[in-house]
Amino acid sequence: MIGRGTRLCEDLFGPGLDKKKFLIFDYYYNFEFFEINKRGHEAGLQRSLTENLFNIKVDLIKALEDLDYQEDEFIEYRNELIDNISLLIKGINTDRFNARMRLHLIDRYSDKRAFESLEEIDVKNLKDEVSPLIISTDDDELAKRFDYLMYTIQYAYLEKKPYSKPKSRVKKTANDLEKKGSIGQVQKNKELIYEIQEEEFWEDADLFDYERVRKALRELIKLIDRERQGIYYTDFKDEVIGVREGSPIYDVNDLGTYKERVVSYFKKYRDDLPIYKLRNNEELTKEDIKYFERILFEELGDKDSYKKVYDDKPLLKLVASITGMDKGAANKEFSKFLTDEKLNSDQINFVNNIIDYIVKNGSIEKEVLQEFPFNKKGGVIKLFDNKLDLAREIISTIDKINSRLVV
């Protein structure tokens with residue numbers, strides 16, 4: 001309809017009196033929508049399994065750039081992933097219309113040298129522009145799902161994030177395979193199937209143990225009874241559930257847009273005073289709290305949208321999980337432990353891991369301390385068995401940091 005409005009209509013109001021302006025009634029907030037979503041609504045919100053696999057490999061390649069992983073074994077694994085990604089990109093059918101539009105990206109990332117050091121724009125290009133063009137040559141859907149599960153665990157390991165849920169799924173898969181012990185393929189992997197059901201495996205496992213599990217079990221998944229395979233399908237449809245002045249309210253897809261707006265806003269305006277104070281662990285005023293409520297409950301959406309997307313998660317905890325905490329502020333909270341000459345190197349590493357986690361996630365749940373990398377040396381009790389008072393102080397500091405996010 002804007003096209004009609006922009007027609008010149010010469011002599012509309014009489015000889016020489018042309019139309020000079022027009023008025024747009026943006027009842028459905030199209031301008032706002034397309035400002036946030038430059039390319040409109042895309043099906044990318046529900047990516048295919050092939051896209052997800054491609055994208056998690058890109059995440060792994062990016063994560064393996066870290067200085068901690070510049071050892072031969074890690075470098076070799078990163079190069080394997082790059083080889084795989086490059087091969088997939090070279091396999092894109094460039095005769096397709098949507099591929100011709102992205103030939104410059106296909107050419108760039110077909111060259112393995114482009115992966116030497118990935119910038120954020122490279123990651124975005126690969127995920128948003130290239131991955132939808134990838135054609136899978138593997139028809140084993142169940143094996144691909146297991147690949148994705150294991151790659152997710154590998155990425156969490158590299159990023160030092162918890163992975164309790166995917167770990168539980170792998171243990172359950174091993175338990176289901178144990179019931180198929182009469183099959184030769186399962187018998188050959190008997191020891192590994194038993195091993196990954198034990199918590200000791202997960203306490204000591206590293207990236208290459210997870211890759212070993214992926215390669216050994218991916219082709220066995222199809223042997224599990226179909227009702228135990230645990231594949232879930234979703235079919236969400238738009239449903240208008242009401243109308244408020246100015247725009248319709250949508251039941252499902254609108255929630256994804258709300259989440260995108262929330263993440264985008266708090267990353268873009270991370271230096272606004274209330275957000276800055278939260279990132280730097282400074283005391284918040286009532287006005288600061290009202291600021292966050294106004295942004296989340298009025299400007300970006302409403303309370304119903306927040307409830308449906310984030311359930312009962314405290315709003316400050318949500319914002320902190322997006323913005324993280326300033327490194328200096330986190331160091332300040334734990335400085336007395338880092339300068340304590342009584343701590344050994346393992347104990348200092350434990351504290352530094354807590355700081356890194358809080359810098360990335362804004363807070364830390366005490367349950368996470370039972371997972372890798374915090375339990376690498378046996379967990380809090382074992383690690384501080386001769387300094388339990390210090391362990392209690394560390395936990396008290398964590399409680400203090402977490403309590404600031406509850407209002």
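By convention here, the first residue in the shown sequence is residue 1.
- Residue-environment remark: CG (Asp385) exceeds the threshold of 12 foreign heavy atoms within 6.0 Å.
- For Glu73, the salt bridge (charged side-chain N to carboxylate O under 4.0 Å, His left out) test picks out no residue, with sequence neighbours left out.
- Using cut-offs of 30° and 60° for the angle between ring planes, the Tyr69 and Phe74 rings count as tilted.
- The neighbour count for Phe208 CZ, taken as heavy atoms of other residues, nucleotides or ligands under 6.0 Å away, is above 12.
- Within a 6.0 Å sphere centred on CD of Glu191, heavy atoms belonging to other residues, nucleotides or ligands number 12 at most.
- Classification of Lys62 and Asp122 as a salt-bridged pair fails, no side-chain N sitting under 4.0 Å from a carboxylate O.
- In this structure, Thr50 and Lys144 have side chains that are in contact, with non-hydrogen atoms separated by less than 4.5 Å.
- When the side-chain contact (heavy atoms from CB on, under 4.5 Å) test is applied to Glu199, the partners found at least two apart in sequence or on another chain are Lys167, Lys171, Trp202, Glu203.
- Between Tyr306 and Phe297, the ring centre distance stays below 6.0 Å.
- At a threshold of 4.0 Å, the pair Lys277-Asp288 counts as salt-bridged, since one of the basic side-chain nitrogens sits closer than that to a carboxylate oxygen.
- Comment: Asp389 engages Arg392 in a salt bridge, judged by a side-chain N to carboxylate O separation of less than 4.0 angstrom.
- Screening residues 84-96 for side-chain hydrogen bond (donor to acceptor under 3.5 Å, both in side chains) gives Lys57-Asn84 as the qualifying pairs, with residues at least two apart or on separate chains.
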